[in-house]
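First the proteins, then the strands, lettered A, B, ... as listed; each starts at 1.
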2 protein chains.
Amino acid sequence: MSYSIGEVVKKTGLSAHTLRYYEKEGLLPFVKKNASGVRAYSDEDLRWLTMIECLKDSGLQIKEIRQYIEWFNEGDSTLPQRLSLFENRRKILEKEMARLTVVMNKIRYKELLYREAVRVGNLDVATNERRFQHLKKKLFESPDDFDK
Amino acid sequence: MSYSIGEVVKKTGLSAHTLRYYEKEGLLPFVKKNASGVRAYSDEDLRWLTMIECLKDSGLQIKEIRQYIEWFNEGDSTLPQRLSLFENRRKILEKEMARLTVVMNKIRYKELLYREAVRVGNLDVATNERRFQHLKKKLFESPDDFDK
DNA sequence: TCTGTACCTAGAGTTAGCTCTAAGTATTAT
DNA sequence: ATAATACTTAGAGCTAACTCTAGGTACAGA
């Protein structure tokens, strides 16, 4: 099976501009073209696009994805490099999730505080309520930094 | 207490360029300047910088942070808007954490697979091992999309 | 043959968030 | 007094990842 760029747009949700851009950046080195230059994407190309999306979602830059694809095409001699890429990425994702957890706590505190402030119609009154003072001390190292 | 831009650079880790840029974008509407135009940051300004960093970490754009600061300065009449901002942010962070969890599973699968591939020196052999076939089926809707 | 749609390339433009440069003023230490 | 350091502004430059434009080709249906 092969697919026109328009069909791939429908399948992937990427724009035709973006698909051509990816190709120019070396992310799709196997896409074939017919005699008049029109692209014909294979099922293999679509699987690459799925993988590219996953790597992109994990935070890899396009040039890093291109590097991965080059390693893949060089065969088993680059297995250690590829392992190392996934290890690093896993560590970065772990840090990112930890970071988001910390941010989430702060934002949730703000949401609760503002819900109370809206209820009583006054931010300072809400901020000075014992339970919010308590919560703030529990959550933050320098609690007053969160009075803004 | 007041601080020169250089002291704030040391305290916050932001560059002087970035601090002036933030001010130009309306993020620090209270910073005072002396007769010769030199900035003198107050403790209040530093607290704003902490809050700005938190909002930035939560994914807010600079113009959205400026909007929040404007609301803050307008007083209690804008409490509902601010509550709504934090509610939306909390929801977006929840989605982001869910997204990262999904991505993490895929990357961890790849890491395990490549660790085995490096051990046996061959990606195809590792991919075809029963436990990786099993893992792949468990993790993904279209497992073959992850053979890249 | 005409009309419309889908496709092509090369290259310019956009956006966010910095980051840096140039040219000048002010402050501090010796 | 002089040298070094820190500060100022306006505005240009950078990077990533698109996003769009202009001008053209290819082909299908009425």
Side-chain angles (χ1 to χ4, degrees), chain A residues 2-42 45-46 48-69 89 92 96 99 103, chain B residues 1-42 45-46 48-49 51-69 89 92 96 99 103:
Chain A
S2 86
Y3 312 89
S4 73
I5 201 167
E7 289 168 317
V8 178
V9 165
K10 276 175 208 148
K11 273 176 197 288
T12 64
L14 298 167
S15 76
H17 287 306
T18 300
L19 285 167
R20 293 194 200 101
Y21 165 71
Y22 281 0
E23 202 176 323
K24 197 161 64 181
E25 293 299 315
L27 301 195
L28 294 163
F30 301 128
V31 174
K32 290 195 179 106
K33 297 185 185 179
N34 71 16
S36 42
V38 175
R39 287 169 182 80
Y41 292 82
S42 66
D45 294 326
L46 291 184
W48 266 117
L49 280 171
T50 305
M51 191 63 211
I52 286 166
E53 203 195 338
C54 171
L55 294 174
K56 212 155 45 97
D57 285 349
S58 83
L60 253 73
Q61 292 185 357
I62 280 178
K63 60 185 169 187
E64 295 171 301
I65 300 176
R66 180 181 50 215
Q67 174 67 273
Y68 173 73
I69 291 170
R89 208 31 51 180
I92 287 168
E96 177 63 7
R99 192 187 69 78
V103 172
Chain B
M1 271 300 279
S2 86
Y3 313 89
S4 73
I5 201 166
E7 289 168 317
V8 178
V9 164
K10 277 175 206 146
K11 275 177 195 290
T12 63
L14 297 166
S15 77
H17 288 306
T18 300
L19 285 166
R20 294 195 199 99
Y21 165 71
Y22 281 0
E23 202 176 324
K24 198 162 62 181
E25 294 298 316
L27 300 196
L28 295 164
F30 302 127
V31 175
K32 291 195 179 105
K33 295 185 185 180
N34 72 15
S36 43
V38 175
R39 287 170 182 79
Y41 292 82
S42 66
D45 293 326
L46 291 183
W48 266 117
L49 279 170
M51 191 62 211
I52 286 165
E53 203 195 338
C54 171
L55 294 175
K56 213 156 44 97
D57 285 349
S58 83
L60 252 73
Q61 290 185 357
I62 281 178
K63 59 185 170 187
E64 295 171 301
I65 299 176
R66 181 182 50 215
Q67 174 67 273
Y68 173 73
I69 292 170
R89 209 29 52 181
I92 287 167
E96 178 63 6
R99 192 187 69 77
V103 172

Asker: Under 4.0 Å from OP1 or OP2 of dT8(D): is there any side-chain N or O of Arg39(B) that close?
Answerer: yes
Asker: Distance check needed: dA17(D) C1' versus Leu60(A) CG, whole Å only.
Answerer: 14 Å
Asker: Tell me, for nucleotides 19-26 of chain C in 5' to 3' order, what letter each nucleotide earns: B for a base near a protein heavy atom under 4.0 Å, S for only sugar-phosphate near one, - for neither?
Answerer: -BB----S
Asker: Distance check needed: dA17(D) C1' versus Glu53(A) CD, whole Å only.
Answerer: 15 Å
Asker: What distance do Ile69(B) atom CD1 and Ile52(B) atom CD1 have between them, rounded to the nearest 0.5 Å?
Answerer: 4.5 Å
Asker: Side-chain N or O of Tyr22(B) less than 4.0 angstrom from OP1 or OP2 on dG17(C)?
Answerer: no
Asker: Using whole Å, what does the distance between atom P of nucleotide dA17(D) and atom CD1 of Ile52(A) come to?
Answerer: 13 Å
Asker: Under 4.0 Å, counting only non-hydrogen atoms across every strand here, what does Gln61(B) touch: a base, just sugar-phosphate, or nothing?
Answerer: sugar-phosphate
Asker: Counting only N and O atoms by type, is there a donor-acceptor contact under 3.5 Å from the side chain of Asp57(A) to the main-chain atoms of Cys54(A)?
Answerer: no
Asker: Quick one: is Lys33(A) getting a side-chain N or O under 4.0 Å of the dT9(C) phosphate, OP1 or OP2?
Answerer: yes
Asker: Could you tell me the separation between the OH atom of Tyr41(A) and the C1' atom of dA6(C), rounded to a whole number of Å?
Answerer: 13 Å
Asker: What does Arg20(B) touch in the nucleic acid at a heavy-atom separation under 4.0 angstrom: a base, only the sugar-phosphate, or nothing?
Answerer: base
Asker: When the distance from CD of Glu25(A) to P of dC18(D) is rounded to whole Å, what number comes out?
Answerer: 10 Å
Asker: Using the side chain to side chain contact (heavy atoms under 4.5 Å, CB included) criterion, which residues pair with Ala40(A)? Sequence neighbours excluded.
Answerer: Ser2(A)
Asker: Taking the nucleotide of DNA chain C with the closest heavy atom to each, which residue, Lys63(B) or Ser4(A), is nearer the 5' end?
Answerer: Ser4(A)
Asker: Return the set of residues passing side chain to side chain contact (heavy atoms under 4.5 Å, CB included) with Lys63(B) (not counting sequence neighbours), or none when no residue passes.
Answerer: Gln61(B), Arg66(B)
Asker: Applying salt bridge (Lys or Arg N to Asp or Glu O under 4.0 Å), which residue pairs with at least one partner in residues 8-22 of chain A are found, sequence neighbours left out?
Answerer: none
Asker: Output the rounded distance in Å from CD (Glu23(A)) to P (dC18(D)).
Answerer: 15 Å
Asker: Taking only residues two or more places apart in sequence or in another chain, which ones pass side chain to side chain contact (heavy atoms under 4.5 Å, CB included) with Thr50(A)?
Answerer: Asp145(B), Phe146(B)
Asker: To the nearest Å, give me how far apart CG (Leu19(A)) and P (dA17(D)) are.
Answerer: 16 Å
Asker: I'd like to check the salt bridge (Lys or Arg N to Asp or Glu O under 4.0 Å) partners of Arg39(A); sequence neighbours left out, ordered by chain and number.
Answerer: Glu23(A)
Asker: For the side chain of Ile62(A), counting heavy atoms from C-beta on, which of dT8(D), dC8(C), dA17(D) is nearest?
Answerer: dA17(D)
Asker: Take atom CZ of Arg66(A) and atom P of dC18(D), then tell me their distance rounded to the nearest Å.
Answerer: 14 Å
